[in-house]
Amino acid sequence: MREERKQKMDDKTIMSNVLGNIKNACDLMLHGTIESSDPKVHKAFDEALECVLKMQNDVYAKMSGKGWYPAQTADQTEIDKTRQKFASA
């Protein structure tokens with residue numbers, strides 16, 4: 001009988017997969033909200049989107065706290081350039 005090797009997923013990989021799935025759910029809920037013509041359906045998708053966005057933020061915060069999702073700091077000069085670009089558009 002052949003023994004199968006089982007690969008273990010570490011916590012970082014699991015959390016990255018969870019975050020990716022949540023981001024996909026956010027995309028689906030956003031499009032459901034945008035595309036719904038019935039006010040009740042729109043509201044249901046909008047409420048679901050808000051819930052999923054909170055989940056996304058919670059998972060991101062946990063990952064960031066462990067150093068698994070480092071955020072890059074934006075240069076203030078670049079921020080100002082972008083603001084000017086869109087202010088004049």
Side-chain angles (χ1 to χ4, degrees):
M1 188 180 267
R2 189 173 77 180
E3 186 178 322
E4 292 185 31
R5 289 178 145 209
K6 293 186 179 181
Q7 291 183 338
K8 292 183 180 179
M9 293 178 66
D10 64 359
D11 290 343
K12 181 180 179 183
T13 302
I14 292 169
M15 292 294 280
S16 291
N17 288 336
V18 168
L19 185 61
N21 288 332
I22 291 171
K23 287 179 178 182
N24 288 335
C26 288
D27 187 50
L28 290 171
M29 297 305 154
L30 175 64
H31 283 88
T33 303
I34 292 169
E35 299 295 332
S36 59
S37 58
D38 182 274
K40 289 181 182 177
V41 173
H42 178 90
K43 183 178 179 191
F45 273 114
D46 191 47
E47 289 172 355
L49 174 60
E50 185 176 333
C51 180
V52 177
L53 285 170
K54 184 184 179 321
M55 282 190 272
Q56 183 275 334
N57 189 58
D58 292 345
V59 171
Y60 166 77
K62 287 187 188 314
M63 290 183 72
S64 181
K66 292 183 177 282
W68 296 341
Y69 202 115
Q72 189 176 23
T73 305
D75 178 54
Q76 188 62 46
T77 305
E78 292 300 316
I79 293 171
D80 293 340
K81 283 182 188 177
T82 304
R83 264 195 199 129
Q84 290 174 352
K85 176 182 173 182
F86 287 103
S88 63

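Just so you know, residue 1 is the first one in the sequence shown, and it goes up from there.
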Could you tell me whether the side chain of T13 reaches within less than 4.5 Å of the side chain of N17, counting heavy atoms only?
yes

Does K43 come within less than 4.0 Å of E47, counting only side-chain N to carboxylate O?
yes

Side chains of V59 and Y69, heavy atoms from C-beta outward: is any pair under 4.5 Å?
no

Starting at CE of M9, measure out to OG of S16 and round the result to the nearest 0.5 Å.
8.5 Å

With the threshold set at 4.0 Å, does a side-chain nitrogen-carboxylate oxygen contact exist between K54 and D58?
yes

Hey, what do you get for SG (C51) to CG (D46), rounding to the nearest 0.5 Å?
12.0 Å

Quick one: does H42's side chain have a donor or acceptor within less than 3.5 Å of a partner on D38's backbone?
no

In Å and rounded to the nearest 0.5 Å, what is the NZ to NZ distance from K66 to K12?
12.0 Å

Those residues at least two apart in sequence (or on a different chain) that pass side-chain hydrogen bond (donor to acceptor under 3.5 Å, both in side chains) with K81 are none

Does one side chain, of D80 or Q76, offer a donor that lies under 3.5 Å from an acceptor on the other?
yes

Output the distance between atom NZ (K85) and atom CD (E78), rounded to the nearest 0.5 Å.
10.5 Å

Would you kindly confirm whether L53 and I34 end up in one hydrophobic cluster when ILVMFWY residues are joined by side chain heavy atoms under 4.5 Å apart?
yes

Considering all heavy atoms, the nearest D11-W68 contact
CB-CH2, 3.6 Å

Judged by atom type as modelled, is there a donor-acceptor pair below 3.5 Å linking the side chain of T33 to the main-chain atoms of M29?
yes

Would I79 end up clustered with F86 when hydrophobic side chains under 4.5 Å apart are linked, directly or stepwise?
no

How many angstroms lie between atom CG of L30 and atom CD of E35, to the nearest 0.5 angstrom?
9.5 Å

Report yes or no: do V41 and L49 belong to one cluster of Ile/Leu/Val/Met/Phe/Trp/Tyr joined by side chain heavy-atom distances under 4.5 Å?
yes

